[in-house]
J.: 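This is the structure, below, for whatever I ask next.
In what follows, every chain begins at residue 1, and chains take the letters A, B, ... in the order their sequences are listed. Treat the numbers as computed from the prediction; the structure is a model and nothing was measured.
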Amino acid sequence: MEAAWVALGLSLKVALWATAIDLVLGVAAGFALARHRFPGRELVDSVLLLPMVLPPTVLGYYLLVVIGRRGWLGGWLERSFGIHLIFTWQGAVIAAAIVAFPFVCKSARAAFENVDAQLEQAAKVLGLGPAAVFFRVTLPLAWRGILAGVLLAFARALGEFGATLMVAGSIPGKTQTLSIAVYEAVQAGQDELANGLVLLTSATCVAILLLAGRLAPARIPGRS
Amino acid sequence: MTPRRILRTALTGLMLAAAMAPALAAELTVSTAASLTNAFREIGQAFEAAHPGTPVRFNFAASGALLQQIAQGAPVDVFASADMETMDQAEQRRLVRPADRAVFARNALVVVVPSDAAVVPKSLAELAAPAFRRVAIGVPASVPVGRYARAVLEKAGLWPAIEAKAVGAQSVRQALDYVARGEVDAGFVYATDAAVLPGKVRLAFTVPTDAPVLYPIAPVAAGANPAGAQQFVAYVLSPAGQAILAKHGFAAP
């Protein structure tokens, strides 16, 4: 079972990094989509939500082609900085961040759209700058919705399997996350290990969902 | 719907299912080691041409994964493994009968590098050098090619050095793909796999193994189509089947 705890630690590390990245990018993208009208806005929104509907293998393949050693970005990173993303935990973070991104972006957009624009107007009239309006009025009013999205993103990142297997491989202690460890244990017929791993994964995910439900009770259908 | 209509619909459904049952029974599912992918696709076509009415469906994966599927009750008629050990396990778990087993092909373990590799290793000791940062190896727990490689490396005292930079692959074909994409500096595959992507991978050297790389085949004891399974195994062992295997680089056992 020691392998299970190593895998859990790695999964948490990957999911935390991925969620932190999504928090920054997802809130920025959600805010831009909620507050700014520009041509092609709904198209951008659809493209940003793609990771939610595309099969993880498709995302994994895109990633291999882009950040692989022979991909345009991966090749440039390797030549310029000696950075190699495939088969590293950082590669797993990128895969998890992409699949979990829509959860933050979508929740943030909805949360920002629910903030009464008149309150922001009033703050502006009272002399607050745009940054102050965002951090002192908009964000405090939207944070619950954003947080629920962030927790779901974390759960999704924790459970990420397909794209991660394609770009990060399965290196015990380095890139072998919980979901990949489960897959390998089942393939090798190690049922005891698989049992421990799935219970650990299920318990972690239930804890996250309970937390998400508590933070935004009204937003989860069937609970209000 | 009235009860009578429900009954009529249900009966029609049952009759349809009954009519389709014989067609389904004739179908043959063959779980095949990943390294046999190209050769068995061709054998399947030739077999179907020789036995019209018995369509063959293949399930390609690492032998260990296939064994687990059969052990869990997957509806499989024939099992072809890339090593004796996996078939021995199938026999111990009474998934195949000892008398039904036959060895039908032999292969060799090789090390391949990407075709544009700057350095080509000539021995296992060279592969252990720091110049080779990542080496693809099938996960030894379920992938035979990984088990052959580990046994050789352990005997040479090089396993700790290679294991530290090993990238686990879920089948021999995934290891081959990692090498072909240049994501790893070298990989352990079979000689026949190296020949599948000639423009993308280059053969570095052949690795002598203590145990020969043999491929056993057997009908699955619980298979739904035992007659078809026998016919398929016989076809693989026949001169026609052996010719196709030879064409794909497999040696006779």
J.: Check whether more than 12 heavy atoms from other residues, nucleotides or ligands sit under 6.0 Å from atom CZ of B/R94, and answer yes or no.
T.: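 No, the 6.0 Å shell around CZ holds no more than 12 heavy atoms from other groups.
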
J.: Which bit of B/V143 is near chain A, if near means a heavy-atom gap under 4.5 Å: side chain, backbone, both or neither?
T.: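 Looking at B/V143, nothing touches chain A.
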
J.: Identify which part of B/A166 has an atom lying under 4.5 Å from any heavy atom of chain A, answering side chain, backbone, both or neither.
T.: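 For B/A166, backbone heavy atoms alone lie under 4.5 Å from chain A.
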
J.: Measure distances from B/A164 to the heavy atoms of chain A and classify the residue's part below 4.5 Å as side chain, backbone, both or neither.
T.: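 Just its backbone gets close to chain A.
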
J.: Drop me the distance from B/R134's CZ to A/H84's NE2, to the nearest 0.5 angstrom.
T.: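 If we round to the nearest 0.5 Å, B/R134:CZ and A/H84:NE2 are 4.5 Å apart.
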
J.: Counting heavy-atom pairs under 4.5 Å with chain A, which one of B/Q174, B/Q170, B/Q89 comes out on top?
T.: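 When all of B/Q174, B/Q170, B/Q89 are compared, B/Q170 has the most.
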
J.: Check whether B/V139 gets within reach of chain A through its side chain, its backbone, both or neither, counting any heavy atom under 4.5 Å.
T.: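 Just its side chain gets close to chain A.
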
J.: Does any part of the side chain of A/R70, heavy atoms only, come nearer than 4.5 Å to the side chain of B/E183, both counted from C-beta?
T.: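 Counting from C-beta outward, B/E183 and A/R70 never come under 4.5 Å.
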
J.: Do other residues, nucleotides or ligands put more than 12 heavy atoms under 6.0 Å from the NZ atom of B/K165?
T.: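 Count over threshold, so yes.
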
J.: Just how far is it from atom CG of B/D185 to atom CZ of A/R69, taken to the nearest 0.5 Å?
T.: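 Going from CG on B/D185 over to CZ on A/R69, the span is 4.5 Å.
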
J.: Does A/Y62 OH have over 12 foreign heavy atoms under 6.0 Å away?
T.: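 No, because the 6.0 Å sphere around OH of A/Y62 holds 12 heavy atoms or fewer from other groups.
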
J.: Is the number of heavy atoms from other residues, nucleotides or ligands under 6.0 Å of B/K122 NZ greater than 12?
T.: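 Yes.
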
J.: Taking everything shown except A/Y61 itself, do over 12 heavy atoms lie less than 6.0 Å from its OH?
T.: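 For A/Y61, atom OH is not crowded (no more than 12 foreign heavy atoms under 6.0 Å).
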
J.: Do you know which of B/G168, B/A71, B/P140, B/A169 has the most heavy-atom pairs under 4.5 Å to chain A?
T.: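 Heavy-atom pairs under 4.5 Å are most numerous for B/G168.
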
J.: Got A/V186 and B/Q72 here, is their nearest side-chain heavy-atom distance under 4.5 Å?
T.: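 No, too far: nothing below the 4.5 Å cut-off.
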
J.: Is there a side-chain contact between B/Y178 and A/I86, using heavy atoms and a 4.5 Å cut-off?
T.: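 No, every pair of side-chain atoms sits at 4.5 Å or beyond.
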
J.: How long is the gap from CG on B/L67 to CD on A/Q187, to the nearest 0.5 Å?
T.: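 Answer for the CG-CD pair, B/L67 versus A/Q187, is 11.0 Å.
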
J.: Within a reach of under 6.0 Å around CH2 of A/W17, are more than 12 heavy atoms found that belong to other residues, nucleotides or ligands?
T.: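 It does not: A/W17 CH2 has 12 such atoms or fewer within range.
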
